[in-house]
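The chain is numbered in sequence order, starting from 1.
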Amino acid sequence: TAAVSDGAAFFFKLDSAQTRTIDGWWTAGSDRSTAVSFVAFNAAGERVGEGVVNQTANGGKWNTVGTFNFSAGWNKIVVSRWQTAGKVVIADAVRVR
């Protein structure tokens, strides 16, 4: 974690504008951040929403982080590491459904 904007980016392509639910997968641990942001961007690079999760819990399974309206083209989910120093943010996987 650090006060920087370079998160882990996951890209996915849609043929048309759609509302999609985003899930995240991480390993839980006591050293994890309790407020990890999954930030959603459309193909134009516009922020369309954010889901915040506690990564000290619910590890080893898919967890819903939010439902967002995406545009046609390459959309993006960024797992932010902009957190209090001394914690860990995990970005194992993102599922689009």
Side-chain angles (χ1 to χ4, degrees):
T1 54
V4 295
S5 60
D6 63 333
F10 296 87
F11 293 86
F12 62 97
K13 186 177 182 184
L14 295 175
D15 292 331
S16 62
Q18 299 174 32
T19 299
R20 292 296 182 125
T21 298
I22 304 300
D23 300 325
W25 184 290
W26 56 84
T27 55
S30 60
D31 64 341
R32 309 294 192 254
S33 174
T34 59
V36 178
S37 296
F38 283 68
V39 186
F41 296 90
N42 65 17
E46 299 165 334
R47 183 180 176 141
V48 296
E50 175 182 1
V52 179
V53 301
N54 176 354
Q55 288 191 336
T56 65
N58 298 315
K61 66 178 189 173
W62 290 111
N63 296 279
T64 300
V65 298
T67 301
F68 311 104
N69 297 317
F70 295 101
S71 57
W74 286 99
N75 296 273
K76 175 173 67 170
I77 302 298
V78 176
V79 182
S80 174
R81 63 186 191 112
W82 191 297
Q83 300 292 323
T84 303
K87 295 293 183 179
V88 176
V89 171
I90 302 297
D92 287 339
V94 167
R95 176 172 68 178
V96 180
R97 58 181 172 93

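Checked against S33 for a side chain to side chain contact (heavy atoms under 4.5 Å, CB included), the options I90, V89, T56 give a single hit: V89. The ring pair (Phe, Tyr, Trp, His ring centres under 6.0 Å) with F12 is formed by just one residue from the set F70, F68, F41; it is F70.
Heavy-atom neighbours of D31 CG from other residues, nucleotides or ligands within 6.0 Å: above the threshold of 12.
In this structure the side chain of V53 never reaches within 4.5 angstrom of the side chain of R32, judged on heavy atoms. Counting heavy atoms from C-beta outward, R20 and N75 have side chains that stay 4.5 Å or more apart. Taking 4.5 Å as the limit, some side-chain heavy atom of V96 sits within range of a side-chain heavy atom of I22. A heavy-atom distance below 4.5 Å is found between the side chains of F11 and K76.
Here the side chain of N63 pairs a donor or acceptor atom with the backbone of N58 at under 3.5 angstrom. Side-chain atoms of S71 come within 3.5 Å of backbone atoms of A43 as a donor-acceptor pair (strictly under, hydrogens ignored).
V88 and V79 fall within the same hydrophobic cluster, where Ile, Leu, Val, Met, Phe, Trp and Tyr residues are linked whenever their side-chain heavy atoms come under 4.5 Å apart, directly or through other members.
Ring orientation note: the planes of W62 and W25 are nearly perpendicular, at an angle over 60° on the 30°/60° scale.
With rounding to the nearest 0.5 angstrom, the CD atom of Q55 is 13.0 Å from the OG atom of S30.
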